[in-house]
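Computed from a predicted structure; not experimentally measured. Order of listing sets the numbers, starting from 1, for every ligand and every atom in it.
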Amino acid sequence: MKIIMLGAPGAGKGTQAKKIAAKYDIPHISTGDIFRANIKSGTDLGKKAKTFMDQGLLVPDELVVDLVVDRVGQDDCSKGYVLDGFPRTIPQAEALDAALAKVDQKMDYAINVEVPDENIIQRMSGRRACVDCGATYHIVYAPTKKEGICDNCGGSLILRDDDKPETVQKRLGVYHEQTQPLIEYYTDKNILVEVDGTIDINDVFTEIVKVLGE
Ligand code: AP5
Ligand code: MG
């Protein structure tokens, strides 16, 4: 099962992708997480990506496409995978389709998690991420057992650099301009699934499972 998560920044792509990966036992591939791990370890890719990410802009397609195409070709992806944050532009989607076509494959579902802009800014200001393992929480909607401490690994929680309200606003603009056209792209390919992302986290997942199957 090969799945793409679509949706605005903060719509809940990562939250749902993790649940999908656990239930169907497939890898969760988040380009944002890959970039953040590279920033943390100080690689060249991380340094390049950071300059764009901090401004709320997309990292250029050429820095993303090969990375994802290589990743989905690895052995653990043979049963499928869930892509979170990729593709984000029409050229990225076309490059992915072309790479898959070469090995006689195609994506099965593009799940669009719909959340209006009004809800996003408020949601992002409450998000906290673990500095060590990258797990994400929300101070109201998905709190940790102990305040400020990751349930998963005990690391400390921070507000992501790009979650400041002015950067979130910028990311939303970039989303509408460059990523939203993918909804039509995948509608035309007959693989688009729409889910309401404003309801409770577990109810969103129930809606997704109805589509993907038990
Ligand atoms: P990325 O990390 O992908 O960020 P994003 O798309 O902006 O999405 P987020 O991770 O912010 O949100 P999400 O939808 O995963 O929401 P989450 O589940 O955390 O990318 C970061 C940057 O990297 C980009 O800006 C770009 O620069 C670069 N980049 C990455 N991929 C790229 C690519 N392919 N091409 C070019 N550049 C790329 O949920 C948000 C919060 O809400 C959490 O606190 C969560 O607990 C809470 N929440 C989730 N669901 C619900 C719910 N149903 N109800 C209430 N609260 C909820
Ligand atoms: Mg995410």
Side-chain angles (χ1 to χ4, degrees), residues 4-21 28-39 45-46 48-69 71-72 82-93 95-96 111-117 119-130 134-144 150-151 157-165 167-180 182 195-208:
I4 293 167
M5 302 306 294
L6 292 176
K13 300 182 295 297
T15 302
Q16 298 300 327
K18 282 195 187 85
K19 291 168 104 45
I20 292 170
H28 167 207
I29 302 173
S30 157
T31 41
D33 287 353
I34 293 172
F35 289 136
R36 282 184 287 278
N38 274 273
I39 292 172
L45 175 66
K48 284 185 196 152
K50 187 172 178 5
T51 60
F52 297 95
M53 289 170 74
D54 283 353
Q55 297 177 69
L57 299 172
L58 293 186
V59 173
D61 290 343
E62 57 272 24
L63 292 181
V64 189
V65 169
D66 291 351
L67 186 148
V68 176
V69 168
R71 179 67 189 88
V72 300
V82 50
L83 295 179
D84 161 16
F86 182 96
R88 243 183 167 97
T89 62
I90 297 279
Q92 289 182 17
L96 176 66
I111 301 175
N112 183 36
V113 184
E114 283 189 87
V115 177
D117 288 9
N119 300 28
I120 298 278
I121 305 226
Q122 180 213 6
R123 223 186 235 196
M124 301 299 248
S125 60
R127 174 164 62 181
R128 295 294 180 271
C130 173
T136 47
Y137 302 92
H138 192 282
I139 52 176
V140 179
Y141 307 117
T144 47
C150 178
D151 287 348
L157 303 186
I158 51 153
L159 182 70
R160 244 166 65 180
D161 281 346
D162 58 349
D163 278 352
K164 296 185 208 96
T167 315
V168 172
Q169 198 63 261
K170 176 79 196 169
R171 285 161 64 200
L172 273 172
V174 167
Y175 165 76
H176 289 300
E177 198 180 306
Q178 302 195 57
T179 307
Q180 210 170 6
L182 291 175
V195 294
D196 178 0
T198 63
I199 57 180
D200 178 84
I201 291 173
N202 292 316
D203 296 336
V204 178
F205 188 57
T206 304
E207 290 304 308
I208 292 175

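Residue contact check: F86 has heavy atoms under 4.0 Å from atoms 34 (N) of ligand 1. For ligand 1 and K13, the ligand atoms under 4.0 Å from any heavy atom of the residue are 5 (P), 6 (O), 8 (O), 12 (O), 13 (P), 14 (O), 15 (O), 16 (O), 18 (O). Taking every non-hydrogen atom of A142 and a distance limit under 4.0 Å, the qualifying atoms of ligand 1 come out as 46 (O). Counting atoms of ligand 1 from 1 in the listed order, those under 4.0 Å from a heavy atom of V64 are 33 (C), 34 (N), 35 (N), 36 (C).
Contacts between V174 and ligand 1, counted as non-hydrogen atom pairs separated by less than 4.0 Å, are absent for every part of the residue. With a 4.0 Å heavy-atom cut-off, ligand 1 is reached by the backbone of Y137 but not by any atom from C-beta on. Under 4.0 Å from ligand 1, not a single heavy atom of V68 appears. Residue contacts with ligand 1 for I201 involve both N, CA, C or O and side-chain atoms from C-beta outward (heavy atoms, distance under 4.0 Å). Residue contacts with ligand 1, taken as heavy atom pairs separated by less than 4.0 Å, involve M124 solely via side-chain atoms from C-beta onward. Using a 4.0 Å cut-off between heavy atoms, Q92 contacts ligand 1 through its side chain alone, with no backbone atom that close. The proximity of A8 to ligand 1, defined as any non-hydrogen pair under 4.0 Å, is limited to the backbone. Counting heavy atoms closer than 4.0 Å to ligand 1, residue M5 contributes nothing at all. Of the heavy atoms in P9, both backbone and side-chain atoms come closer than 4.0 Å to ligand 1.
Contact of the V113 side chain with the T15 side chain is not registered, since no non-hydrogen atoms from C-beta on lie closer than 4.5 Å. Counting only heavy atoms from C-beta outward, the side chains of I121 and Q169 approach each other to under 4.5 Å. Between T167 and D54, the closest side-chain pair of non-hydrogen atoms is not below 4.5 Å. H138 has its side chain within reach of R123: a pair of non-hydrogen atoms, C-beta onward, lies under 4.5 Å apart. A 4.5 Å side-chain heavy-atom check between F52 and L58 finds every atom pair outside the cut-off. L57 is listed as a side-chain neighbour of K170, based on a closest heavy-atom distance under 4.5 Å. A 4.5 Å side-chain heavy-atom check between I201 and Q16 finds at least one atom pair inside the cut-off. Proximity of K19 to N202: side-chain heavy atoms (C-beta onward) are separated by under 4.5 Å at one or more points.
In terms of N/O distances under 3.5 Å, ligand 1 is not approached by D200. For ligand 1, the polar-atom distance check finds an N/O of R160 within less than 3.5 Å of one of the ligand's N/O atoms. Polar contact with ligand 1: present for I199 (N/O pair, distance under 3.5 Å). Between R127 and ligand 1, a contact under 3.5 Å exists for at least one N or O pair. Residue G85 has at least one N or O atom closer than 3.5 Å to an N or O atom of ligand 1. In terms of N/O distances under 3.5 Å, ligand 1 is approached by G14. Considering backbone and side-chain N/O of V59, one or more are found under 3.5 Å from N/O of ligand 1. Polar contact with ligand 1: present for R36 (N/O pair, distance under 3.5 Å).
Residue contacts with ligand 1 include G197, since one of its heavy atoms falls under 4.0 Å from the ligand. By the 4.0 Å heavy-atom criterion, G7 is excluded from the residues contacting ligand 1.
Selection from Y175, F52, F35 by nearest heavy atom to atom 38 (C) of ligand 1 gives F35. With M53, K170, Q55 as candidates, the residue nearest to atom 28 (C) of ligand 1 on a non-hydrogen basis is M53.
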Output, in order, the C-alpha distance, side-chain angles, deciding distance and verdict of side-chain hydrogen bond (donor to acceptor under 3.5 Å, both in side chains) for H28 and D33.
-> CA-CA 10 Å; H28 167 207; D33 287 353; 4.8 Å; no
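Taking a 6.0 Å sphere around NZ of K18, one finds it holds more than 12 heavy atoms contributed by other residues, nucleotides or ligands.
At the shortest separation from atom 12 (O) of ligand 1 among protein heavy atoms lies G10 N, 2.8 Å. Nearest protein heavy-atom neighbour of atom 31 (N) of ligand 1: T31 OG1, 2.7 Å. Scanning the protein for heavy atoms near atom 45 (C) of ligand 1, the closest one is T15 OG1, 3.8 Å. From the protein, the heavy atom lying nearest to atom 27 (O) of ligand 1 is L57 O, 2.6 Å. Nearest to atom 1 (P) of ligand 1 among the protein's heavy atoms is R88 NH2, 3.7 Å. Annotation: atom 54 (N) of ligand 1 to nearest protein heavy atom, R123 NH2, 3.4 Å. Protein heavy atom nearest atom 16 (O) of ligand 1, with residue, atom name and distance: G12 N, 3.2 Å. The protein atom (non-hydrogen) at minimum distance from atom 46 (O) of ligand 1 is H138 CB, 3.4 Å.
Nearest heavy-atom pair, P87 versus A93, reported as atom, atom and distance to 0.1 Å: CB-N, 3.5 Å. Across every non-hydrogen atom of R127 and L159, the tightest pair is O-CD1, 3.5 Å. The shortest non-hydrogen separation linking F86 to I4 is O-CG2, 3.9 Å. Here the closest non-hydrogen pair linking I120 and A8 is CD1-CB, 4.1 Å. Across R171 and P9, no two heavy atoms sit closer than the pair NH2-CB, 3.6 Å. Looking at every heavy atom in both residues, D196 comes nearest to V204 through O-CG2, 3.6 Å.
Q55 CD to D161 CG: the interatomic distance, rounded to the nearest 0.5 Å, is 13.0 Å. Interatomic distance, D151 CG to C130 SG, rounded to the nearest 0.5 Å: 10.0 Å.
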What donor-acceptor contacts under 3.5 angstrom involve side-chain atoms of residues 60-69, with partners at least two apart or in another chain?
unit_1	atom_1	unit_2	atom_2	d
D61	OD1	T89	OG1	3.1
D61	OD1	Q92	NE2	2.9
D61	OD2	T89	OG1	3.4

